[in-house]
Each structure stands twice: as structure tokens, then as C-alpha cells.
Amino acid sequence: MSNGIIEIVKDRIAQRHQGDKKQLEVIFSSSDRILVEAPAGYGKTNTMISKIAYMIATNQIPNPKKMLALTFSVNAAYKVKKDVSQHLPSLLENTGIVFHPNEKIIVTNYHGFCRGLLKKYGRIFHSSLADIDKVQSVDDGNIQRCMEEVEGLSYQDATFLSSYSDALKKSDFKYLKGNLNKYCDIIIKSVLPKNRISYNAILALVVKLFVDKPSILHFYQKYFNSILVDEFQDTNALSFMILHHLITENSKVIFLGDSLQRIYGFIGAIPDLLNKSIVHFKLTKVELSKNYRFASNPEMLLLDSNIRRNAENPSAPVIAKNALIEFQLGDDQLDESIKIAEKAVEIIESDATKKVAILVKQRGGNVDKIIEVFHEAELPFFYGLFTDEDVNYINFHRKCLFEFIELIKVKEQITKKLCSEHTSRIQAIFKEDNTSLHDALIKLLEIFWSKVLTEYTSFSNEDKIVLVKDTFEHNGLKQYIEFIPANIIVSTVHAAKGLEWDYVILPDMEQDSFPNWFGLCGACTSRGNCAIAVTKKNEAKFLEELSVFYVAVTRARKQVFFTASKTALDRQNIERSKNLSCFLSLPGITMK
Amino acid sequence: MKITELLIHNYRNLDGIKVSLEENCNFIVGENNLGKSNLLSLLNILFTSRAFKYEDFKDPAIPIEIQFQIKLDAVEIGHFQDLFDIENYSLINIAARQINTDDNINFYHLETDTFISPQVVRCINFVHYDSLRNPITEINFDKGKGVGRFLRNIISRHLETNNISNADFLDEAKINALFTSINDKISKIKSFKDFGISASSDDDVENLLSKIVVLKDGKGDGLSKAGYGVQFLILVVLSILDKIQTIQQQRGSRGVFENEALKTRSISLVLGLDEPEIHLHPYMQRSLIKYLNNIISNKDSGFKQLIKELFNIDEFIGQIIVVTHSPNIILNDYKQIIRFYAEQGITKTVSGNSLVLSEQLHKHLYLHFPFIKEAFFSRCAIFVEGDSEYASFPHFGAKMSTEFDDLGICVLQAGGDAIAQLIELATLFGIPSVGITDKDDSVTPPTLPNLYTTTLRDFEAEIISIIDLGKESTLRAIFLKYDNAGLAREMDAKALNKRAHNKYKIGATPFTTALKLADIAETDIENLKAFYLTWYSINKSYPLGMLIGEQLVIDEIPAIFKTVINEAKNLSGNV
């Protein structure tokens with residue numbers, strides 16, 4: 001390609017990114033190894049799309065090699081693919097160059113990639129893998145459930161599978177590597193023959209395939225000349241091992257992530273992954289520097305920035321100017337709840353197209369009180385109080401997955417009929433269940449199926465199956481909250497990851513609540529006044545909780561409102577007096 | 001991409017055939033009517049057509065299935081996405097299946113049964129060339145047919161890049177004057193007038209120019225006067241260019257493989273040539289193959305420049321498959337040979353590169369290969385030691401009503417030690433063979449069933465032994481025809497002792513005087529033998545062997561030679 005054309009393409013990208021130096025540095029970087037640290041709202045997705053488009057346009061992915069782009073979910077992968085397809089033609093307009101993104105880039109997530117690989121080559125371990133779409137998934141973290149779902153699995157084996165799952169949650173690389181063969185052997189001998197596979201085994205078997213069959217690994221090393229990973233901070237140890245194998249000294253590597261958005265530590269996201277990876281993969285780090293989300297809201301901009309300063313140096317953050325935050329204090333939980341309802345009404349009355357999310361750290365008596373008030377005020381809202389550990393939430397997805405696999409065993413084509421058949425089967429299973437959770441999940445399921453039928457029209461049937469399985473397997477219905485036609489959404493921070501609303505209300509900014517007792521307060525030495533001193537001892541826990549706080553704050557496009565009350569309901573629903581959350585008095589934060 | 005293996009089911013007469021190919025150059029040899037050309041047609045259908053036809057099905061009631069293996073160059077890795085052979089990632093095994101005669105060919109990854117688009121498979125770029133094409137109808141600029149498409153395109157490119165119109169080539173005043181003159185005459189003819197037919201110029205400059213441009217040789221003669229050989233040489237090469245042009249127009253950048261480090265662009269190219277030797281003399285045959293080999297291995301700088309200029313292609317990843325009946329065309333590597341032969345009327349194949357040979361055997365075959373190429377085309381090979389056998393055997397055969405050429409028997413000469421190994425090699429290639437070596441001093445009989453030794457010491461001893469049958473006159477006749485000195489020829493004592501006495505053990509004591517045929521009595525068998533053995537030994541050669549072959553009558557041919565020739569006749573008849 002001529003230099004003239006490259007200059008044209010560069011100009012177009014520079015215009016699109018309004019001269020943002022850091023974004024352009026990432027996009028035009030001649031370094032083959034970059035780690036992009038991108039806080040929420042800093043234009044990460046746009047930068048990633050332009051980077052991919054630029055690499056394709058400047059022929060950095062020579063035919064027929066591919067870029068492997070790994071995103072957090074198949075849903076996110078779809079969005080990336082769509083964005084690249086839309087962006088690339090305008091970038092290359094009148095240059096005489098035509099590229100089809102599909103010829104250059106494979107966008108999926110870790111599990112999607114591994115499923116595809118096992119479907120083709122997993123048969124050397126067990127024949128059932130050739131038809132992996134029809135193999136039921138099990139969670140091997142829970143010994144009892146695993147034994148129930150895998151007929152004939154011994155207690156001893158189930159215990160081992162569970163301890164392997166624990167090691168993954170703890171990112172214990174030594175244990176994971178040392179026991180990889182033993183783990184895979186149990187899966188191959190006792191789980192796959194029962195037409196079951198565990199989520200972790202999908203990744204572990206691929207690691208084993210790479211180790212046992214170097215020819216397979218070498219193929220993929222040569223096939224993917226570039227590897228891009230989005231939401232890199234959420235990578236777990238097995239995924240990391242897959243990256244470690246795939247990346248050679250010739251690979252181009254682009255990782256994008258934000259250590260402060262790592263809120264999945266409890267399911268195995270590796271601690272301090274970004275810094276470790278800089279060394280391991282010899283990455284050059286580029287930090288995006290401009291916050292677009294709060295560009296026209298100086299106070300929010302400052303709040304965002306000051307939270308990050310606290311994360312950078314928790315014991316002594318460098319703060320230039322304090323952020324003034326919108327805050328309301330109630331006398332008790334009821335008073336706070338009424339204030340929240342009033343705020344929500346105020347927002348949607350000003351503009352009926354606006355959406356407001358009330359995001360809580362956890363479920364319990366306090367949020368129940370808020371809901372109660374909403375019900376009494378006959379204020380319609382969507383109930384999205386999901387947590388990833390909630391047995392009912394997980395169980396709903398497991399039933400969805402099971403029924404889906406049963407349906408495609410009969411007929412592989414995803415049709416409108418299959419979707420409605422699936423929904424009615426799920427409704428039948430839960431017909432005794434009248435909880436808000438169940439109603440909400442059914443709504444999400446319906447929305448999900450309508451999206452599968454209308455949005456993903458460019459997907460092949462096989463891609464659709466992968467999407468559906470990935471969504472159910474990873475408890476991903478919560479991602480579809482964004483399509484719920486309600487102005488008010490009550491949800492948890494964890495369920496809200498990756499979603500955005502115009503306005504966000506963060507209630508219960510109180511001691512033992514946000515941060516919560518397990519996360520930080522229980523063992524805190526400053527329980528008396530909640531003026532937390534961050535030391536080496538509590539730093540890791542502080543950062544975990546601060547990440548959740550940061551994710552919560554950055555779910556807002558326009559404004560966040562904080563509320564709290566002087567009391568909170570404890571587990572026995574007894575009103576206890578509470579201090580304000582230490583997060584509201586972090587260095588750099590001042591309440592209005 | 002290179003085709004490395006083929007396993008054929010239900011296609012014409014090649015059902016059950018397995019062929020293993022070399023990566024660069026392959027020669028398919030064998031007799032007529034075994035299906036060699038069918039193999040090229042098969043590849044042509046697989047890689048350029050939509051479907052097999054009714055007549056391609058051996059049994060129309062069952063599918064045609066062709067399993068083939070392709071080896072990918074490093075830059076091609078990924079062309080079939082992530083489908084490959086798990087034991088060797090640069091290979092892919094593909095099954096091509098056509099369920100019935102109305103269906104199309106579908107391609108599947110053999111191990112995973114994943115569908116592979118035919119467009120992807122076609123990027124192998126198979127060019128089928130057979131010598132039945134008529135060069136003169138193609139090699140011109142104005143018809144745009146066959147390779148003419150390519151020639152005509154050169155004109156188009158020139159016009160396009162230089163933005164040229166009719167006015168740049170024609171003097172309108174002069175041409176109009178010509179038209180006036182023509183039309184003045186022809187308008188007087190009724191049919192021209194009635195239908196309004198008149199002379200005018202072609203409005204399209206490309207049409208116009210393509211009629212002006214003709215190809216001429218160095219003597220200024222048009223190509224039609226050049227020999228067929230020249231025309232075919234041109235046609236073969238232009239076929240390649242025409243193919244590249246067509247695929248570029250149809251396919252864009254798919255199938256163009258980029259080398260990231262070197263910034264080069266390659267395409268795959270597999271040439272299937274059916275009897276390219278027709279119309280070419282032996283040197284030209286080899287020269288053509290070497291030229292094509294240079295083209296596909298990117299060693300011909302002129303051609304390299306041409307494809308870079310025309311198509312922006314830097315390199316080929318190429319393979320040649322030649323069906324030939326000419327030993328001349330075969331290069332000197334037995335691994336490049338795929339031999340078709342018949343066994344009980346069924347076509348079988350042997351591929352040189354799939355033979356597992358001991359190192360010693362490999363070395364032998366490698367060294368002898370240039371001299372034994374002919375065996376690959378025969379129904380039976382007779383391996384002999386010397387010039388005398390080589391020259392005389394065909395004549396012996398003729399006298400025994402065993403016409404070697406009719407039966408496809410060839411006589412090949414090799415050193416005595418090599419014969420056993422050559423029989424072994426011939427067996428591996430499915431070539432029936434017999435061998436005969438001199439007994440010399442050995443006492444142990446040969447171990448191979450088809451390997452014979454002379455009953456007496458050697459060829460000369462066998463021939464001279466006809467004295468014992470009272471046929472001295474034949475030996476004398478040959479001697480007289482051959483030796484200008486005639487009866488005056490003298491064999492001195494030294495020569496006699498060295499050969500007749502020491503080697504053939506004639507005479508109880510060494511000779512002390514010379515012998516002259518004129519002086520030896522007809523009854524002095526010992527001295528006659530001594531003389532003839534010495535003389536025949538000294539003079540053994542191709543011409544003498546031929547003379548022996550011509551002169552001996554059937555009863556005089558030594559029994560062991562008859563045995564060998566009869567055995568060869570039997571073997572060739574079994575084929």
C-alpha cells in the first residue's frame with residue numbers, strides 16, 4: 001500500500017479521534033506489544049475499533065492470517081465486529097482498498113474460542129467433544145451439585161475438581177499447572193462420557209491440547225499474527241495460560257483494560273494482572289488520558305479522577321482539587337428510600353426519555369426497603385437485583401442452558417419457534433416461582449431471544465448457538481437489562497458492569513454496606529469513625545472494594561447521586577446506626 | 001499449495017487408486033489406456049468445475065469421493081482457516097464428495113467434516129494444459145479466445161494507462177478516402193446495396209488495434225508458418241498467464257498470500273500438462289520442463305518481472321504434474337515418477353516418493369536412474385550386463401517371434417552388481433523384469449527368482465560354445481564380416497593366455513605361439529575356441545553384439561538367453 005493512502009487513512013482516524021494524542025498513539029503505535037490502560041469513558045472501545053481498522057487498512061494482518069480479538073462476552077464480541085464493519089468502509093473510502101473484516105479478524109471470547117477449538121480437535125481426548133454444542137455444562141466448583149449432575153462421579157474426583165476450581169479462583173498457577181493432567185484426565189474419563197463438561201474444563205482441555213499436540217499450538221501461533229484482548233483485567237489463570245501459549249515473539253499483542261475495573265477477583269481474575277503482564281509479555285503501556293464521559297461535568301470528572309488517584313496510591317493519594325458530590329442523607333432507611341424515590345421521579349419527570357439506575361452493592365433489607373417504597377408509590381421499575389453468586393439467578397441460567405441444548409439436539413436450527421418453545425419450557429419449570437427475580441429473568445429471556453432473532457442476523461446458525469450458550473453459561477442475561485423498556489432500574493453494581501445509564505443513584509453509602517462488612521469493614525480498625533487508613537495490610541481489600549465503587553460511579557453518563565441514612569437494617573432487619581461510608585470521605589471527595 | 005496425496009473412489013477407471021505426489025515436479029508414466037490423462041481431468045474438475053459429469057462416475061448409483069492432501073507453504077497457513085492435520089499443521093486433508101450425477105462437488109475437512117467453500121479450494125489455481133489445443137486459433141490478439149484473452153488484455157492495459165483514442169492511430173482523411181473508394185465499388189453490387197452494407201472503420205480502438213498486431217518470428221514469418229513445436233511452447237506459457245489474469249479478475253485478493261516480513265505476494269499454481277512432448281524434439285522436451293520448473297520455482301527472472309508488472313505477484317508456490325510417454329522428458333529423480341500399470345486389467349499405481357528404500361537401494365536407483373528411465377514405460381525390462389547382450393537380445397527376440405517393441409519389452413544395460421538391485425527396484429514400481437548376469441567365477445546361484453546367470457562363464461563363452469554344435473561357420477562369418485584383417489588376423493600368445501587360457505581355461509599349458517584362423521584346422525576345436533574366445537572378448541562391443549544378434553539363427557541362440565527372453569515374453573503378456 002502506498003504511503004499516500006496510509007496518510008489519508010491516518011488523517012481520517014485523527015479526525016475521528018479529535019486529535020486525542022493518547023488514543024492516536026495507541027492506534028498508530030509501531031510497537032507490536034501494547035497495553036492500553038483505559039478508564040471507563042476514556043474512549044477505549046472507539047480506540048480499539050480504530051486500532052483494528054487501522055491495522056487492517058495498513059495491511060498489518062497479511063492474508064490469510066488473522067487477528068484473534070477476545071472480548072468479555074460473545075455479546076461484546078458481536079458489538080466489536082459490528083463496529084469494525086461499520087467503521088472500516090468509511091476509513092477506506094476512495095482508497096481503492098476493500099477489506100472484509102471477517103477475512104481478517106476473529107472476534108470471540110475465551111470460552112467461544114476454546115469451544116471452537118475443541119469442536120474441531122478435542123476428539124483426540126473424547127469423541128463427545130466433536131459435538132460439544134450438545135454437551136451439557138456443569139459447574140465443578142460445587143462438589144455436591146457436580147456429583148448430582150455427573151452420574152457416577154466419585155466423591156474423591158468431585159472433590160478434586162472442586163479444589164481445581166478453587167485454585168483457579170485463587171489464581172494459583174503452580175497448582176493449576178501441576179494438576180492440569182490429573183484434572184483433564186478426570187474430565188475425560190468420568191465427565192465427558194456422561195455428556196457433561198465443566199466451564200473450567202473447556203479452557204483446561206485447550207491448554208492440555210496445546211501442551212500435548214505442539215502441531216496444533218504451532219498452527220494457531222502462526223494463524224493469529226495479532227492477538228487483542230479487551231477487558232484484560234478480567235482474565236483468569238487458565239485464560240492467561242492460553243494467551244501465554246498463543247503469543248510468540250512474532251505476535252502482535254494489544255491488551256486493553258483497567259485494573260480499577262477488576263471486580264471479578266472472586267471468580268479468578270488475576271490480581272495485579274496488568275503489571276505482571278507488562279513484564280511477562282514485554283508490553284509497552286499507554287494510558288488513555290481524556291475522560292469523554294464527564295467532559296462537560298467538571299464535578300463528576302473530578303470525582304472520577306480522584307477515585308483513580310486513590311487507587312494509584314491508596315495511602316497517600318495526590319489530589320489537586322476536591323470533587324463536590326451530590327449527596328442526600330436520610331434519617332433512617334425509610335427516609336433515605338423516600339428521598340431516592342423522589343430523586344428518581346424528579347429525573348424522569350424532567351425528561352421521559354432519561355433512564356435512571358439505582359445500583360446497590362448487595363441485596364438485603366436495605367434495598368428491600370427501597371423497593372417497598374417504590375411499590376407503595378406505584379413507581380414502575382425493573383427489578384434487576386442479580387448477583388453472580390445468587391443460586392436462583394445461576395439456576396435459572398442453568399435451566400435455560402439445559403433446555404436449550406435439549407432443543408438443539410432435536411433440531412439444530414435456531415428459529416422463532418425454537419425460541420418461543422424454549423421460553424415456554426422455562427416458564428413451565430418455574431411456574432411455581434412468583435418472585436420478582438423470576439419475573440425479571442423471564443423478561444430478560446424474552447428480550448434476549450428477540451435480540452437473537454433480530455440483531456444477530458449476520459451470524460451463522462453456529463455463531464448463534466455459541467452466543468446463546470455463552471450467555472447462559474456465563475449467567476449473562478443481566479447484560480440485556482440495557483434493552484429493558486423501563487425508566488427506572490434497580491440493580492446491583494456487579495450486574496451493571498458494561499452497562500450505562502444517564503443517571504445513577506448509589507444508595508446506602510454506609511459503613512458495612514458500601515464497602516461491605518466482608519469486603520473491608522469487618523476487619524477495619526477504624527470502625528469507630530470510618531476514617532480509614534490504608535496500609536499494606538488492608539490495601540488489597542481496599543482496592544477490591546474501591547474497584548466496585550469506581551465501576552458503580554462510572555455507570556453514569558451524566559450524573560451520580562449518592563444517598564445514605566444514619567441507620568441501616570442488619571441481617572435480622574434490625575435498625576442499627578451506621579457511620580457514613582469511608583468512600584464518601586476519601587481524600588479528594590467532599591459532600592455537597 | 002501443493003497436492004501431496006490423492007485417494008480416488010468411483011471416478012472412471014481410477015477407482016481405488018492412491019497417488020502420492022512430490023512437492024515440485026511429477027511425471028505420470030505408463031502405457032496407453034490406463035487412465036493417466038483421467039488423473040489430470042480429475043484434478044481439473046476438482047479445482048475448476050462445479051461438478052463431475054455422468055460419465056465420470058464408475059458407478060452412477062454411488063458417490064464419487066476424492067480424498068486429497070494439500071501441503072501449505074508458510075505464507076499460506078490459514079487459507080483454510082483453522083482446519084489442518086493435527087499431526088502436521090502445514091497439511092490439510094480434504095474429502096471432495098459428489099453424491100450423485102445431478103449434485104455438485106462439496107468439499108469437507110476430512111477429520112472434522114467441516115464444509116469448505118469451493119472458492120477456497122480453487123485458490124490452488126490448477127492450470128490444465130493438453131496438447132490437443134490448436135495453438136494458432138488462440139495465439140493472436142484479435143479473437144480473445146483462450147490465451148488470446150491475455151494477449152488482447154495487454155493492448156487494453158496500454159490503451160487504458162495511456163488514455164488513447166482512435167484519433168491517435170488513424171489519419172481520418174486518408175482512411176475516409178479509402179472508404180469512399182471501397183464503397184464506390186461495392187455499392188454497385190446489389191446485395192451490398194440492398195442491405196446497406198458498406199465499409200467503415202471499427203469504432204473501438206481496441207478492436208482495431210488487435211487486428212493490426214500480429215506475431216512474427218525472427219525471419220519475419222507469421223506464427224502460423226512456425227512449427228507446431230514453437231507454437232505449443234508459446235501456448236503452454238501463455239496458458240499460465242491467461243489463468244492468472246482470469247483468477248485475478250474473478251477473485252480479487254483472495255488466494256494472494258502475503259509475506260509480512262518480505263512484503264512479497266504469492267499465489268499457488270499447479271500445472272497439469274498432458275503429453276507436452278507431442279510436437280517437440282527430445283531436447284526441447286527437457287528444455288520445456290526445465291523452463292516450467294524454473295517458472296514455478298521462481299528462478300526465471302523474465303517471467304518473474306512479467307507477473308510482477310502485470311499482476312503485482314512476486315512469487316509462485318508451484319507444482320507440476322506431467323503425463324508423459326517420453327523418457328526424454330523425465331528428469332533425473334525417481335521420486336518424481338508415478339507409474340500406472342495394469343494388473344489383471346485393473347489400473348494400479350506406484351508413486352516413487354512413497355517407496356521406502358534402503359539407503360543402498362536409494363543410492364543405486366539415484367545413480368542408475370538416468371539410464372533406466374525407459375523401463376518405466378515398458379511391460380517388461382530385461383537387465384543385462386554388457387553391450388553385447390544389449391545389442392543382440394532384440395535380434396534374438398525377433399528370431400524367437402518375440403518382437404520386443406510389440407510386446408513392450410526393453411533391454412537395459414547395467415553393471416553386473418547392479419542388476420539384482422534394479423530387479424528389486426523394478427518390482428517396487430510394478431515393472432516385471434528379468435536379469436541376466438555373467439556367471440564368471442561364482443559358484444553360488446543367484447537368489448532372486450527372475451535373475452539368471454549364464455550357464456557358461458559369460459556371453460562370449462555362450463556364443464563360442466556353438467562350435468560344439470558344429471556351427472563354427474557362423475562364428476567365422478561374423479568374424480569375417482567384422483574384422484577387416486580377415487583370415488590374416490593373428491592373436492598373439494600374450495592375448496591368448498590372458499583370455500583363452502587364463503580366463504576360459506583353454507589348453508593345458510599356456511600358449512607359446514600366436515594363432516591365425518587361416519592356420520587352424522577345422523577339427524582343432526581347442527585352438528578354434530582359443531582363437532574365437534580371445535577375438536570375441538577383445539572386440540566385444542555394441543556393433544559386434546548387433547552382428548551376433550543378426551547372424552545367429554534360432555537354433556544357435558544359447559539356451560539360457562532363450563530362457564530369459566521367453567520369461568520376459570511371459571511377464572509382458574501378463575500385463
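Below, chains carry the letters A, B, ... as their sequence lines are ordered, and counting in each starts from 1.
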Under 4.0 Å between a Lys/Arg side-chain N and an Asp/Glu carboxylate O for D113(B) and R97(B)? yes
Mind ranking I86(B), V75(B), D85(B), L83(B) by heavy-atom pairs under 4.5 Å with chain A and telling me who comes out on top? I86(B)
Under a 4.5 Å heavy-atom cut-off, does chain A meet the side chain of E87(B), its backbone, both or neither? both
Atom NZ of K189(A): over 12 foreign heavy atoms under 6.0 Å: no
Partners of R149(B) by salt bridge (Lys or Arg N to Asp or Glu O under 4.0 Å), sequence neighbours excluded? D242(B)
Using non-hydrogen atoms only, which part of N225(A) is less than 4.5 Å away from chain B: side chain, backbone, both, or neither? side chain
Do S90(B) and N88(B) pair up side chain to side chain, a donor and an acceptor below 3.5 Å, judged on atom types alone? yes
Can you say whether A261(B) sits under 4.5 Å from chain A via the side chain, the backbone, both, or neither, judging by heavy atoms? neither
Is the closest basic N to carboxylate O distance between R157(B) and E309(B) below 4.0 Å? no
Chain A heavy atoms under 4.5 Å from E76(B): which part of the residue, side chain, backbone, both or neither? backbone
Is the number of heavy atoms from other residues, nucleotides or ligands under 6.0 Å of K18(B) NZ greater than 12? no
Please enumerate all residues that pass side chain to side chain contact (heavy atoms under 4.5 Å, CB included) together with E160(B), with sequence neighbours excluded. none
Pairing residues for D185(A) by the salt bridge (Lys or Arg N to Asp or Glu O under 4.0 Å) criterion, not counting sequence neighbours: none
Which members of residues 119-126 of chain A, sorted by number, sit under 4.5 angstrom from chain B on a heavy-atom basis? K120(A), Y121(A), R123(A), I124(A)
Atom group of Y220(A) that falls short of 4.5 Å from chain B, counting heavy atoms: side chain
Show the numbers, then the answer: is there a ring-ring contact (aromatic ring centres under 6.0 Å, His included) between F68(B) and F47(B)? CA-CA 12 Å; F68(B) 57 100; F47(B) 298 123; 5.5 Å; yes
Checked K213(A), K65(A), K222(A), H218(A) vs chain B; the most non-hydrogen pairs under 4.5 Å come from K65(A)
